[in-house]
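Taking it in order: structure first as structure tokens, then the write-up.
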2 protein chains.
Amino acid sequence: MTTDTGRGRQAGNGRATLKDVAERAGVSVPTVSRVIAGNYPVATGTRRRVERALRELDYVANTHARALRGHAINAVAFILNDVRGPSFAEVAHGIEQEAARQGRLSLICTTGGHPDRELEAVRLMREQGAEAIILIGGVRDDEGYRVRMRALAESLDQAGSRLVLCGRPSLGEDVPATVVEYENEAGAYAMTSRLLGFGHRRVLFFGGDPETTTAAGRLAGYRRALADFAVEAAPELVAPAPFDRAAARAVLRERLAAGLDFTAVFAVTDAVAAGALQALTEFGLAVPEDVSLAGYDDVSPAADLRPQLTTVHVPYEELGRVAVRLALDRRNRPERGQQHALLGTHVVVRESVGPR
Amino acid sequence: MTTDTGRGRQAGNGRATLKDVAERAGVSVPTVSRVIAGNYPVATGTRRRVERALRELDYVANTHARALRGHAINAVAFILNDVRGPSFAEVAHGIEQEAARQGRLSLICTTGGHPDRELEAVRLMREQGAEAIILIGGVRDDEGYRVRMRALAESLDQAGSRLVLCGRPSLGEDVPATVVEYENEAGAYAMTSRLLGFGHRRVLFFGGDPETTTAAGRLAGYRRALADFAVEAAPELVAPAPFDRAAARAVLRERLAAGLDFTAVFAVTDAVAAGALQALTEFGLAVPEDVSLAGYDDVSPAADLRPQLTTVHVPYEELGRVAVRLALDRRNRPERGQQHALLGTHVVVRESVGPR
DNA sequence: CTGTTAGCGCTTTCAC
DNA sequence: GTGAAAGCGCTAACAG
């Protein structure tokens, strides 16, 4: 017995359109459009009738129709392994913040670390017409990867969008991508130097997959510091291990049981450091009295550990913000080629590193 | 001197459309569409020509045009305070996982805790045509909030979408929303009982804003346990404090300095527990020897603390997955009214709680 | 098998 | 000030 509301489509079946609103207000569709846009003169009485109809029908614009006309969809997309990693979460936050500040929507997609899912995600985001597609996190930097990325950068560029590499190495000056990196090599150099300065000579570089860009950069810094201090780089003192805490713990436990000798551990990641700390403690080694321990990232576990972890601070949130800012900026005044930003890292001294 | 590629629009200016592809392949637009959809017979030769053109022009479909026709955009949206909170991050991950599993895109928006930005975010997501809009996290459950949410639920329902409340209380049986809650009261009851069972009589309920649904539920469980153990509920033993760790530390330090007397602390959150642990330690109190400490959430800081934190496990990731599953499910076979799921929580025994 | 036609919801000329 | 008409890119119906 409910009276018809005058809505074109049956109640409860889809959203009201401009046409519905126009009918109800007794005006034409363009007029309603103009009232909404507010960039055109409309008689006050008409405006009021339209506004009422808008409210009564609970009108919301259809972005897709708009996007179809205007070509701009105002969204940035970001693709990462896993939101739960604290460092990823910070980058995500930075992106989200800056995107919102610039009136952009954020699309998110996680890949669980599968390169093929990354490609699939990119396709989805492209279809959505995202203004920028931001790829976050380390990768295996092989030839296949570089070829894929270069093609992607070109093709997004053609389409008026932008590929952003966040925490990944440059593809070359001529590739139309935005690259926002942070110091892996320099941070690791600084931390290793600190360890060496404390008199440590057998420093275990622990964790990570050296094929991965992140781990490789950190390892390079470690090696350079050793060289500068004229300390021999013993091969057994580079011990790869998965990035996660539990695996790191197991690997170090095994090394310890095998009698590996060292006085300091430089963990490739704070999470790896947390695992290492467990293994060390279980082995009866005190940190930093018996063994010094350093991490990299300065994310959530670092300050929770006892002792608190001395680590390298990475400005993850900033990374995300800069990524969005640069990408949108470039869209406003296009130029050929690459944009490149390199953010600094620095040692954060806490309690886990001490003299030998 | 480059030869024209045959693309309609100038090179580098926007994406290729079906029309561009059709021209290049020498066929009509619908034919290309059919090749892509693959749900219609197309002559092999034609198909090949089209496929080549598709590749050469690097064609990607325009989702907006599709959405305009088909009315389905295959995305779920979620709105939360801050991705960096570990519990939120887990929910986000659950949502993202399940959404991806069902071939859906995830839109994300953060509000920094501002109810008005939440509304703004909802509007954006509605415009996008999201199939479900998921709101995550505790709120101040006042009358204004309930009115807003009820209106929102109705209006999304009308539009063929769905409001999902995740970790928020029901709005009533008749409201067309999906509510996925977890046990706050029961978990707090269990933990408080455990503390009481250990002989503690002065248990400090610490942290949180009691106006907030989450804290209120946990506080209620605490109170019920006290009542069941016939322990007087001393008002000074309920100490609100902001949800974050640093503030919690400061507040507890102050209470301690003021001579507040208790033998156990039940922190409303693991982060609050981490802050409490700092304050306790700095005050020279050992956990659990002098004071027992319990948390709630079972997220990342919990296992990193020393002693490891005894806490209440909340299935956050599951929460997110269930939210998406229920919401999409309801869309498939619509029914009136509310969907409601209540996920259980349980005590996780670690090291921070001991006998009085 | 393939092309022509129409229309999704919106904005933007261009008339009046 | 306001309406009529055209068209964004795509797909579904209808012819051939």
Side-chain angles (χ1 to χ4, degrees), chain A residues 7-10 13-51 53-54 57-74 126-129 159-161, chain B residues 7-10 13-51 53-54 57-74 126-129 159-161:
Chain A
R7 178 179 296 202
R9 14 195 95 257
Q10 304 86 322
N13 188 18
R15 24 210 276 212
T17 71
L18 274 193
K19 187 157 157 259
D20 301 327
V21 178
E23 276 169 16
R24 172 170 266 252
V27 296
S28 74
V29 169
T31 301
V32 181
S33 176
R34 292 197 263 255
V35 168
I36 294 171
N39 53 4
Y40 234 77
V42 173
T44 326
T46 317
R47 152 167 301 120
R48 256 211 266 294
R49 287 211 317 288
V50 170
E51 276 165 351
L54 246 16
L57 290 182
D58 189 26
Y59 174 81
V60 257
N62 182 328
T63 305
H64 302 300
R66 275 203 179 139
L68 201 48
R69 293 254 41 198
H71 262 241
I73 203 270
N74 284 210
R126 285 190 64 177
E127 289 187 356
Q128 286 285 324
S161 180
Chain B
R7 177 179 297 200
R9 17 195 92 258
Q10 303 86 321
N13 187 16
R15 26 211 277 212
T17 70
L18 276 193
K19 185 156 157 262
D20 301 327
V21 178
E23 274 169 17
R24 171 169 266 253
V27 297
S28 73
V29 169
T31 301
V32 181
S33 176
R34 293 195 266 256
V35 168
I36 294 171
N39 53 4
Y40 235 76
V42 174
T44 326
T46 316
R47 153 167 300 121
R48 256 210 268 293
R49 287 211 317 288
V50 170
E51 277 165 351
L54 246 17
L57 291 180
D58 190 26
Y59 174 81
V60 256
N62 181 328
T63 305
H64 302 299
R66 278 204 177 137
L68 201 49
R69 291 254 46 200
H71 261 241
I73 203 276
N74 284 207
R126 287 190 63 178
E127 289 187 356
Q128 286 286 324
S161 180

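Chain naming here is simple, since letters A, B, ... match the order of the sequence lines and numbering starts at 1 in each.
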Whole angstroms only, please: what is the [atom1]-[atom2] distance between [X] and [N]?
X        : N      : atom1 : atom2 : answer
A/Glu23  : C/dG9  : CD    : P     : 12 Å
A/Leu68  : C/dT11 : CG    : C1'   : 11 Å
A/Leu18  : C/dT11 : CG    : C1'   : 9 Å
A/Ile36  : C/dG9  : CD1   : C1'   : 11 Å
B/Asn39  : C/dC1  : CG    : P     : 14 Å
A/Asn62  : C/dT11 : CG    : C1'   : 13 Å
A/Tyr59  : C/dT11 : OH    : C1'   : 11 Å
A/Gln128 : D/dC10 : CD    : C1'   : 15 Å

Base, sugar-phosphate, or nothing for B/Val29, non-hydrogen atoms under 4.0 angstrom?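 The residue B/Val29 makes base contact.
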Counting the atoms with a prime plus P, OP1 and OP2 as sugar-phosphate, which does B/Ser28 contact under 4.0 Å by heavy atoms, base, sugar-phosphate, or nothing?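 Base contact.
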Checking contacts here: which listed nucleotide ([options]) is nearest the side-chain heavy atoms of [X]?
X       : options              : value
A/Arg69 : D/dC10, D/dG7, C/dT2 : D/dG7
B/Ala43 : C/dC1, C/dT12, C/dA6 : C/dC1
B/Val27 : C/dG7, C/dG3, D/dG7  : C/dG3

Identified side chain to side chain contact (heavy atoms under 4.5 Å, CB included) counterpart of B/Tyr59 within the set B/Asp20, B/Ile36, B/Val32, B/Val50: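 Answer after filtering B/Asp20, B/Ile36, B/Val32, B/Val50: B/Ile36.
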Given that B/Ala65 and B/Thr44 both sit by DNA chain C, which one's nearest nucleotide is further toward the 5' end?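 Of the two residues, B/Thr44 wins.
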Just by distance, do the side chain of B/His64 and the backbone of A/Gln128 share a donor-acceptor pair under 3.5 Å?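 Yes, because the side chain of B/His64 sits within donor-acceptor range (under 3.5 Å) of the backbone of A/Gln128.
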For the residue pair B/Ser33 and B/Leu18, what are the closest heavy atoms and their distance?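 So the minimum-distance heavy-atom pair works out to CB-CD1, 3.9 Å.
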Taking all non-hydrogen atoms of both residues into account, name the closest pair between A/Ala159 and A/Arg126 and its distance.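 Taking every non-hydrogen atom into account, CB-NH2, 4.2 Å.
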At what distance, to the nearest 0.5 angstrom, does OG1 of B/Thr31 lie from CZ of B/Arg49?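 Interatomic distance, B/Thr31 OG1 to B/Arg49 CZ, rounded to 0.5 Å: 9.5 Å.
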Ignoring backbone atoms, establish whether [X] has a side-chain N or O less than 4.0 Å from OP1 or OP2 of [N].
X       : N      : answer
B/Tyr40 : D/dC14 : no
A/Thr17 : C/dC8  : no
A/Arg66 : C/dT11 : yes
A/Ser33 : C/dC10 : no

Is it the case that C/dG3 (base atoms only) and B/Arg34 (side chain only) share a donor and an acceptor within less than 3.5 Å, ignoring hydrogens and angles?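 Between C/dG3 and B/Arg34, which were checked side chain against base, a qualifying N/O pair under 3.5 Å is present.
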